[in-house]
Asker: 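Quick one: the structure is below, and I'll ask about it shortly.
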Amino acid sequence: MIVALVFLPLLAAIVAGLGNRAIGDVPAKLVTTGALFLSCALAWPIFLGFLSGHDTAHVVPVLNWIRSDDLSVDWSLRVDALTSVMLVVVTTVSSLVHLYSWGYMAEDDSQPRFFAYLSLFTFAMLMLVTADSLVQMFFGWEGVGLASYLLIGFWYHKPSANAAAIKAFVVNRVGDFGFSLGIFGTFLVFGTVSIPAILAAAPHMAGSTIGFLGGRVDTMTLLCLLLFVGAMGKSAQLGLHTWLPDAMEGPTPVSALIHAATMVTAGVFMVCRLSPMFVTSPTAMHVVTFVGAATCFFAATVGTTQTDIKRVIAYSTCSQLGYMFFGAGVGAFGAAMFHLFTHAFFKALLFLCAGSVIHAMHHEQDMRFYGGLAKKIPYTFITMLLGTLAITGVGIDGLFGFAGFYSKDAIIESAWAAGTQAGGIAFFLGVFAALLTSFYSWRLVFLTFFGSPRWAGSEHIQHAAHDAHGDAHAHDATHAGSAAHHDARVSDPSGEQGGGEPSSHARGFDEVPTGTAGYHPHESPWTMTVPLVLLAIGAVLAGFVFVEPFTVGRDFWQGSLFVSPELHEIAEHAPFWVKFAPSAVMLIGLAIAYWGYMLDTTMPRRFAATFGVLYRFLLHKWYFDELYDAIFVRPAFAIGRFLWKKGDEGTIDRFGPNGAAAVVAGGSIAAQRLQSGYLYTYALVMLLGLAAAATWAMAA
C-alpha cells in the first residue's frame with residue numbers, strides 16, 4: 001500500500017508530462033488528480049492506524065541503491081507515526097490543490113505541464129518524508145527544490161517569475177550546501193547514513209569533539225547546526241527567507257501547495273525526525289530556538305505593511321514556521337508537528353481563498369483595490385473567515401477553539417515551560433507575533449471583504465470592464481484607472497510590487513478611486529469552492545480533534561521523535577496569564593485592525609506619517625533584499641562582467657579562437673594577392689624561386 005501511495009504521483013507526472021498536449025488537458029488532469037486522491041485515500045488509514053495504536057513502525061524495502069566501500073544505502077520506505085502525519089498533510093493538500101487547479105488554471109494553455117509539475121513535486125515530498133536514510137532524504141530534498149523551481153517559474157514568459165524561480169533555487173542551494181556537509185559529517189562520525197542507526201548512536205556521542213576548521217568543536221553541535229542550515233533554507237528562516245515572498249510569482253495553487261503546506265515544512269520535519277540528535281546539543285537547541293523566534297517576529301512585522309494579498313499570507317507562513325522551529329528548539333517536538341499539521345489546513349485554505357479573490361477580481365492582487373466583496377463571493381468570504389479564525393487562534397480553553405488555538409498556544413506555553421533564557425525570549429516574541437498575526441490577518445479580511453468597493457482604482461478591473469462593455473467611456477476610465485493604479489503602487493528596489501510609500505498606501509483609502517467601474521465579481525466554480533470547504537473543515541476541527549495524541553505523550557509517536565513528558569506537564573500547569581496571553585493579544589490585534597480599517601480609516605495614514613522611518617523599514621522588509629543585493633548580487637554581477645569582458649572576450653577569445661582566426665584570415669588575404677591569375681606573375685614567382693634555390697645550392 002505504501003509503495004502505491006508514494007509512486008502513484010510519479011507515474012501520473014510521467015504520463016501527464018510526456019503525454020502533454022498529445023493526450024490533452026482533461027486526460028492529464030484526470031490522471032494526476034485521480035492519482036493524488038487515490039494516494040490520499042491510502043494515506044488516511046495509515047495515519048488513523050497509528051492514531052488508534054493498531055499500527056507500529058515498519059520499513060518497506062524497494063531496491064538496493066548504493067554499495068561503495070563502507071557506504072551502503074538501500075531505497076526503503078520508513079512508515080511510522082511521524083511519517084503518517086506528513087503523508088496525510090502532503091496527499092490531502094496536494095489532492096485538493098489539484099482539484100482547485102481545474103478551475104484556477106482553466107484558461108492556461110499549458111495545463112498538462114502544470115499538473116505534471118504538481119504531481120512530481122508531491123512524489124518528491126513523499127520520498128522525503130518516507131526516507132529511511134539521509135541520502136534518500138537528500139534525494140527528496142533536492143527533488144522538491146527542483147519542482148519548486150519549475151512551478152515558481154511556470155509562467156516563464158514573465159521576467160519576474162523567472163527571477164523569483166532563480167532566487168528560490170540559489171538561496172536554497174546555500175542551505176542545501178550546509179545540509180550536505182551535515183550529511184557528510186554524520187557519515188564520518190557514525191559510519192552510516194541510516195536514520196535509525198544514527199539516532200540510536202547519537203546519545204553516545206554527546207560531549208565528544210571533532211576537528212573543524214583547524215579547531216576542536218562539539219561533535220553533535222557541529223552536525224546539528226550544519227543540518228539546521230539546510231532547514232533554514234528550505235523553511236525560509238531569517239537570513240535565508242528572501243526567496244519565499246518572491247515565490248508568490250507562481251500560480252496561486254503553487255503557493256498553497258509548496259509554500260504553505262508541504263515544501264517549507266520539510267525543514268521542520270527534518271529537525272523533528274532527527275530530534276534525538278538535536279537534544280544531545282543544548283547549543284544547537286538554543287540556536288534553533290533563537291532563529292525560530294526571530295523569524296516569527298520579523299515576518300509578522302513585515303506582514304503588517306504589505307498590500308499584495310498573497311505576500312501578506314506568505315510572510316504569515318514565514319512567521320508560523322518560526323513558531324514551529326522555536327517549539328522544536330525548546331524540546332516540544334510534538335507541539336511543533338501539531339502546528340505543522342494544523343497549519344497545513346488553514347494556510348492552504350487562506351492561499352486558495354486568496355486565489356479565489358484574485359480570480360474574482362480579474363487578477364488584481366492589491367488589497368487597496370478590493371472592498372465590499374463579502375456579498376459578492378460569499379463562499380470565499382466564509383471560508384476565509386474560518387481560516388482567519390484558525391490562524392489567529394480564536395477559542396475558549398476547555399470549551400472549543402479553532403485549529404491554531406490549540407497548536408500555536410501549545411508552542412507558546414512550551415516555550416514558557418522550558419524555563420530557559422532562550423525559551424523566555426521565544427515566549428515573549430511569540431506572544432507579540434500573535435498580536436501582529438491577528439492585526440494583519442483581520443486587516444486583510446476588512447480590506448478585502450468590507451467597506452466600500454474600491455475597484456475603480458484597479459487597472460485590472462478597468463480593463464475587465466472595458467473588455468466587457470467595449471464603449472468609449474469604459475476605455476477612458478481604463479486609462480484613468482491605470483494612472484491612479486500606477487500612482488498608488490510603488491515598486492520596491494527588486495522591481496516587484498511591494499506596496500506603497502506612506503503618501504500613497506496609508507491614506508485611509510480616501511484618495512483611492514471608489515466605485516465598481518461597472519465590474520461584477522463572481523464566485524469561483526465548484527472545483528475551486530469544494531476544496532475551500534474541505535480545508536475549512538480541517539481549519540475548524542483539526543486542533544480540537546487531534547490535540548491530545550499530538551501533544552500529550554508517547555503512545556501516538558511511538559519513539560518516532562523525542563518526547564518530553566516533563567515539559568508537557570509543566571506547560572499543562574502554566575499560570576493563567578501564560579495561557580491567556582495569546583488570546584488577549586489576539587483580541588488586541590483584532591481591535592486595532594477594526595479601528596484602523598473599519599471605524600477610522602485615516603488612522604493608518606496618520607500612523608505612517610508619524611512613524612515614517614519605521615513604516616518604510618517594514619515596508620521594505622527590513623531591507624534584506626537591498627542588503628543582499630549590495631553585498632552579494634551586485635559584486636557577483638561585477639565579477640561576472642569582468643571575467644566576461646576582460647577574461648573571456650579580452651584574453652581567451654582574443655588570443656585563442658579569435659586570434660587564430662585572425663592569423664588564418666590574414667594569411668588568406670596575403671595568399672589571395674599572390675593568386676592574381678596572370679601568367680607573367682606566376683613566371684616571375686617561378687624565376688625568383690629558381691634563383692633562390694640556385695643561390696642556396698651554391699652557398700651550401
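Predicted model, so just to flag it, every value in this text is computed and none were measured. The figures here come from the full heavy-atom set of this structure, side chains too, leaving out hydrogens, waters and symmetry mates.
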Asker: With the threshold set at 4.0 Å, does a side-chain nitrogen-carboxylate oxygen contact exist between Asp74 and Arg67?
Answerer: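 Result for this pair is yes, salt bridge flagged.
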Asker: Roughly how far, to the nearest 0.5 Å, is CG of Leu643 from CD1 of Ile652?
Answerer: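 Output value for this atom pair is 9.0 Å.
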Asker: Taking the side chain as every heavy atom from C-beta outward, state whether Phe121 and Val254 have any atom pair closer than 4.5 Å.
Answerer: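 Side-chain contact under 4.5 Å: no.
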Asker: When rounded to the nearest 0.5 angstrom, what distance separates CG in Asp366 from CZ in Phe369?
Answerer: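 So the CG of Asp366 and the CZ of Phe369 are separated by 5.0 Å.
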Asker: With heavy-atom distances below 4.5 Å as the criterion, would you say the side chains of Ser180 and Asp176 are in contact?
Answerer: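 Ser180 does not reach Asp176 side chain to side chain.
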Asker: Look up atom CG in Leu222 and atom OG1 in Thr219, then write down how far apart they are to the nearest 0.5 Å.
Answerer: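 Leu222 CG to Thr219 OG1: 7.5 Å, rounded to 0.5 Å.
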Asker: Once the angle between the rings of Tyr100 and Tyr104 is folded into 0 to 90°, is it parallel (under 30°), tilted (30 to 60°) or perpendicular (over 60°)?
Answerer: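 Parallel: the ring planes of Tyr100 and Tyr104 meet at under 30°.
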Asker: Using modelled atom types and a 3.5 Å cut-off, is there a donor and acceptor pairing between side-chain atoms of Asp108 and backbone atoms of Ser110?
Answerer: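 Present.
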Asker: At their closest point, which heavy atom of Phe114 faces which heavy atom of Pro251, and how far apart are they?
Answerer: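 So the two residues come closest at CE1-CG, 3.9 Å.
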Asker: Just by modelled atom types, is the Val302 backbone N or O under 3.5 Å from a matching donor or acceptor in the Thr305 side chain?
Answerer: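 At least one qualifying donor-acceptor pair exists.
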Asker: On the ring face of Trp243, is Lys167 found with NZ or CZ under 6.0 Å from the centre and within 45° of the axis?
Answerer: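 No, Lys167 and Trp243 do not form such a contact.
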Asker: Between Met232 and Phe325, is any pair of side-chain heavy atoms under 4.5 Å apart?
Answerer: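 A side-chain contact is absent here, since even the closest heavy-atom pair is not under 4.5 Å.
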Asker: Would Lys310 and Gln365 count as having a side-chain donor-acceptor pair, cut-off 3.5 Å?
Answerer: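 Note: Lys310 and Gln365 side chains miss the donor-acceptor criterion.
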Asker: Under 3.5 Å, sequence neighbours excluded: what are the donor-acceptor pairs made by side chains of residues 182-195?
Answerer:
{"unit_1": "Thr186", "atom_1": "OG1", "unit_2": "Gly182", "atom_2": "O", "d": "2.7"}
{"unit_1": "Thr192", "atom_1": "OG1", "unit_2": "Ser194", "atom_2": "N", "d": "3.0"}

Asker: Phe154 vs Tyr117 aromatic rings, parallel, tilted or perpendicular, using cut-offs 30° and 60°?
Answerer: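 Judged by the thresholds at 30° and 60°, the geometry between Phe154 and Tyr117 is perpendicular.
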Asker: Between Ser39 (side chain only) and Leu8 (backbone N and O only), is there a donor and an acceptor less than 3.5 Å apart?
Answerer: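 Side chain of Ser39 to backbone of Leu8: no pair is present.
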Asker: Between Gln237 and Leu321, does the side chain to side chain contact (heavy atoms under 4.5 Å, CB included) criterion hold? Intermediate values first, please.
Answerer: CA-CA 8 Å; Gln237 293 301 282; Leu321 289 167; 3.6 Å; yes
Asker: Could you tell me the separation between the OG1 atom of Thr307 and the CZ atom of Arg368, rounded to the nearest 0.5 Å?
Answerer: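 Between Thr307 OG1 and Arg368 CZ, I get 4.0 Å after rounding to 0.5 Å.
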Asker: Write down the atom of Ala35, the atom of Ala12, and the distance for their closest heavy-atom approach.
Answerer: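 Ala35 and Ala12 have their closest heavy atoms at CB-CB, 3.7 Å.
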Asker: To the nearest 0.5 Å, what is the distance between OG (Ser235) and CG (Leu244)?
Answerer: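 Result: 9.5 Å between the selected atoms.
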Asker: Should Val90 and Leu126 be marked as a side chain to side chain contact (heavy atoms under 4.5 Å, CB included) after you check the CA-CA gap, both sets of side-chain angles, and the distance that decides it?
Answerer: CA-CA 7 Å; Val90 174; Leu126 291 174; 3.9 Å; yes
Asker: Is the Phe228-Phe179 ring centre distance short of 6.0 angstrom?
Answerer: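 Ring-ring flag for Phe228/Phe179: false, centres at least 6.0 Å apart.
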Asker: Examine distances only and state if a side-chain atom of Thr221 and a backbone atom of Val217 form a donor-acceptor pair shorter than 3.5 Å.
Answerer: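 No, Thr221 side chain to Val217 backbone: no donor-acceptor pair under 3.5 Å.
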Asker: Look at the aromatic rings of Phe617 and Tyr623 and report parallel, tilted or perpendicular, splitting at 30° and 60°.
Answerer: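 Tilted: the ring planes of Phe617 and Tyr623 meet at 30° to 60°.
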Asker: Is any side-chain heavy atom of Asn172 less than 4.5 Å from a side-chain heavy atom of Lys234?
Answerer: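 Yes - at least one pair of side-chain heavy atoms lies under 4.5 Å apart.
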Asker: Please step through side chain to side chain contact (heavy atoms under 4.5 Å, CB included) for the pair Leu227 and Met270, ending with a clear verdict.
Answerer: CA-CA 9 Å; Leu227 293 169; Met270 184 267 287; 4.2 Å; yes
Asker: With a 3.5 Å distance limit and no angle check, can you tell me whether Ser68 reaches the backbone of Leu71 through a side-chain donor-acceptor pair?
Answerer: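 No: the side chain of Ser68 does not pair with the backbone of Leu71.
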Asker: With Leu36, which residues qualify under side-chain contact (heavy atoms from CB on, under 4.5 Å), at least two apart?
Answerer: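 Expected list: Pro9, Ser94, Ser95, His98, Ser119, Thr122.
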Asker: So, does His359 use its side chain to make a donor-acceptor pair with the main chain of Gly355 at under 3.5 Å?
Answerer: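 Not a single qualifying donor-acceptor pair exists.
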Asker: Classify the angle between the aromatic ring planes of Tyr628 and Phe632 as parallel (below 30°), tilted (30 to 60°) or perpendicular (above 60°).
Answerer: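 Answer is perpendicular, since the angle exceeds 60°.
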Asker: Does anything in residues 133-160 form a salt bridge (charged side-chain N to carboxylate O under 4.0 Å, His left out)? List the pairs, not counting sequence neighbours.
Answerer: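 Sorted result for residues 133-160: Glu142-Arg173, Lys158-Glu249.
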Asker: With a 3.5 Å cut-off and no angle check, do the side chains of Arg78 and Thr130 form a donor-acceptor pair?
Answerer: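 Note: Arg78 and Thr130 side chains miss the donor-acceptor criterion.
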Asker: Would you confirm whether Thr527, through its side chain, and Trp102, through its main-chain N or O, come within 3.5 Å as a donor-acceptor pair?
Answerer: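 No, Thr527 side chain to Trp102 backbone: no donor-acceptor pair under 3.5 Å.
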Asker: Hey, what do you get for CZ (Phe212) to CG (Leu223), rounding to the nearest 0.5 Å?
Answerer: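 Going from the CZ atom of Phe212 to the CG atom of Leu223 covers 10.0 Å.
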Asker: Restricting to non-hydrogen atoms, name the atom on Ser148 and the atom on Met263 that form the minimum distance, rounded to 0.1 Å.
Answerer: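 Nearest pair, atom of Ser148 first, then Met263: CB-SD, 3.4 Å.
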Asker: For a quick test of reading the model, state the closest non-hydrogen atom pair linking Ala691 to Thr695 and the distance between them.
Answerer: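 The answer is O-OG1, 2.8 Å.
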Asker: Quick check: do Val31 and Leu11 have side-chain heavy atoms less than 4.5 Å from each other?
Answerer: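 Not in contact.
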Asker: Looking at Lys621 and Asp625, is there a salt bridge between them, counting it only when a charged N and a carboxylate O are closer than 4.0 Å?
Answerer: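 The answer is yes: the pair qualifies as a salt bridge.
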Asker: Does CH2 belonging to Trp644 count more than 12 external heavy atoms closer than 6.0 Å?
Answerer: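 12 or below, so no.
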Asker: Do Leu134 and Val73 have side chains that get closer than 4.5 Å, going by heavy atoms?
Answerer: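 No. Closest side-chain heavy atoms not under 4.5 Å.
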Asker: Go through the side-chain N and O atoms of Trp75 and Asp132 and say whether any donor and acceptor fall under 3.5 Å apart.
Answerer: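 The criterion, which ignores hydrogens and geometry beyond distance, is not satisfied for Asp132 and Trp75.
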Asker: Please examine the side chains of Leu63 and Trp65, heavy atoms only from C-beta on, and report whether any two atoms are closer than 4.5 Å.
Answerer: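 Yes; the side chains approach each other to less than 4.5 Å.
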Asker: Do you know which two heavy atoms are closest between Thr91 and Leu5, and how far apart they sit?
Answerer: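 Answer, listing the atom of Thr91 first, then Leu5: CG2-CD2, 4.3 Å.
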Asker: Is there a donor-acceptor pair under 3.5 Å between the side chain of Gln111 and the backbone N or O of Ala106?
Answerer: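 It does hold such a pair.
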Asker: Salt-bridged, Asp246 to Arg311, with N to O below 4.0 Å?
Answerer: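 Answer for the salt bridge query: yes.
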Asker: Considering non-hydrogen atoms only, spot the tightest contact between Leu99 and Thr33 and give its length.
Answerer: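 Reported closest heavy-atom pair: N-CG2, 4.2 Å.
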Asker: Side-chain contact, heavy-atom cut-off 4.5 Å: Leu128 with Phe269?
Answerer: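 Sidechains of Phe269 and Leu128: in contact.
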